[in-house]
Amino acid sequence: MTDQAPIVIVGTGLSGYSLVRELRKLDKTTPVVMVTADDGVNYSKPMLSTGFTKGKDAKGLAQGVTEAMAEQLSVDIRTYSTVTGIDTGARELVLGDERLAYSKLVLAWGADVIRLGLDGDGLDRVYSINDLLDYRAFRKALEGGKRVAIMGAGLIGCEFANDLRNGGYEVDVIAPDAAVMPSLLPEAAANAVQQELQALGVNFHLGTVVQRVDRDGQGVKLALANGDTLAADLVVSAVGLRPRTELARAAGIEAGRGIVVNRALETSAPDVYALGDCAEVDGQVLLYVLPLMACARALAKTLTGERTQVSYGAMPVMIKTPCCPTAVCPPPAGAEGEWDIEQEGSDVKARFLSPAGEVLGFAVTGRFAVEKQALSREVPPIHSD
Amino acid sequence: MKKWQCVVCGLIYDEAEGWPEDGIEPGTKWEDVPDDWVCPDCGVGKEDFEMIEIG
């Protein structure tokens with residue numbers, strides 16, 4: 001019976017839909033079942049931090065309703081279906097009382113947001129935005145509001161700060177580090193982004209954290225560790241993501257920071273694959289669009305009979321802060337070298353140079369952002385074959 | 001003249017308009033856009049654009 005079982009894909013986010021789109025370019029007929037815990041609406045997660053700038057609400061950010069996607073891609077989509085286990089021996093996905101046989105199983109179920117332990121009676125006004133349903137709830141809660149506090153000054157925190165300012169909201173950003181996007185940008189570039197966000201009207205509270213969120217009328221009052229208090233209508237928590245690994249681990253599938261896969265996206269269990277934000281691909285957890293698209297293309301080939309290893313090129317990341325256009329390609333962890341900085345005000349061109357003068361990474365802001373492609377060409381690919 | 005849309009973020013490349021910010025002149029056909037041109041909004045490559053019919 002296994003031969004007739006469909007390919008089963010868990011997740012209808014960017015990974016799941018990109019994979020199916022690539023798969024259908026190669027094979028129009030193999031049965032595919034997609035399983036999702038949410039409504040299955042197709043949307044692009046990176047665009048959730050651009051809603052106000054683009055004048056789109058949650059509905060506007062939807063790129064295709066579930067029924068249309070199912071028809072267009074010739075797949076069966078099971079919505080509001082929560083996976084409770086994987087029986088790798090029987091090759092069955094467990095959905096509560098039901099079992100769904102698979103010929104091949106793809107885990108594309110993404111990452112969970114990290115939630116901070118906070119005190120106070122206003123925690124129901126703290127929103128994490130991890131998918132379109134979250135975004136819809138956030139936009140609804142924001143109706144009539146004027147002031148938003150954002151916890152976290154990483155890529156998502158900065159993008160939301162810019163977007164909410166563009167939407168006319170008062171924005172406070174609270175984060176523990178001294179600079180924005182500390183794990184992504186060298187200091188000069190981080191300062192440039194921060195300066196331009198400040199010029200746009202964003203208030204930064206760096207080097208401190210939120211301790212309490214208490215109700216205050218219709219909104220909330222935030223107590224910071226540095227003793228300051230802030231008022232806001234609601235709080236956005238943007239403090240990071242953690243790949244979802246628990247169900248895979250419980251099924252005996254190897255997981256580290258993410259579900260461990262090799263460059264053919266194979267997990268430790270036969271005929272089980274993973275890609276996207278839940279996957280640790282060849283030791284790398286890269287929660288960005290470009291790696292995901294490369295994986296979708298490679299895996300589509302593998303699933304249609306031509307085992308293919310993904311090959312990562314340079315993987316620049318675009319940071320959607322329109323007030324200070326920014327692109328970054330971080331140097332490999334532990335790479336030897338130093339930053340070479342060219343700067344004029346908030347226009348920064350930072351290149352990470354090896355002792356031999358080779359460009360191993362870069363960050364460009366402002367008017368230098370247009371050089372991102374030229375610089376990407378200079379950076380050695382992550383996989384050199 | 002055709003239009004191409006980024007499947008990730010919905011950005012549209014219009015051959016009639018080109019993309020002057022990246023040095024791509026108005027009237028540049030899709031096949032003549034450099035292979036390493038990437039979506040200005042989300043950074044995916046040319047292969048992640050699909051031709052669309054608009055009006």
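Quick note on labels: first sequence line is chain A, next is B, and so on, each numbered from 1. These values consider heavy atoms only, across backbone and side chains, with no hydrogens, waters or symmetry-generated copies.
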Q. Highest number of heavy-atom pairs under 4.5 Å with chain B: which of A/Lys372, A/Met315, A/Met47?
A. A/Met47
(Q) I'd like to check the ring pair (Phe, Tyr, Trp, His ring centres under 6.0 Å) partners of A/Phe52; sequence neighbours left out, ordered by chain and number. (A) A/Tyr169
(Q) Among residues at least two apart in sequence or on other chains, which ones pass ring pair (Phe, Tyr, Trp, His ring centres under 6.0 Å) with A/Phe160? (A) none
**Q.** From B/Asp36 atom CG to A/Gln373 atom CD, the distance as rounded to the nearest 0.5 Å
**A.** 6.0 Å
Q) How far does NZ of A/Lys320 sit from SG of B/Cys9, to the nearest 0.5 angstrom? A) 8.5 Å
Q) Where on A/Lys56 is there a heavy atom nearer than 4.5 Å to chain B: the side chain, the backbone, both, or neither? A) neither
Q | A/Lys54 portion near chain B, given a 4.5 angstrom heavy-atom threshold | A | side chain
Q: Please state whether the side chain, the backbone, both or neither of B/Gln5 comes within less than 4.5 Å of a heavy atom of chain A.
A: neither
Q: Taking all non-hydrogen atoms of both residues into account, name the closest pair between B/Val8 and A/Val289 and its distance.
A: CG1-CG1, 3.9 Å
(Q) Quick check: do B/Glu47 and A/Met293 have side-chain heavy atoms less than 4.5 Å from each other? (A) no
**Q.** Contact listing (chain A partner; residues 13-26 of chain B; heavy atom under 4.5 Å)
**A.** B/Glu21, B/Asp22
(Q) Check this for me: A/Lys301, atom NZ, are more than 12 non-hydrogen atoms of other residues, nucleotides or ligands nearer than 6.0 Å? (A) no
Q. Is B/Asp48 paired with A/Arg297 through a side-chain N to carboxylate O contact shorter than 4.0 Å?
A. yes
**Q.** Any pair counted as side chain to side chain donor-acceptor pair (under 3.5 Å), so long as it reaches residues 58-74 of chain A, sequence neighbours left out
**A.** none
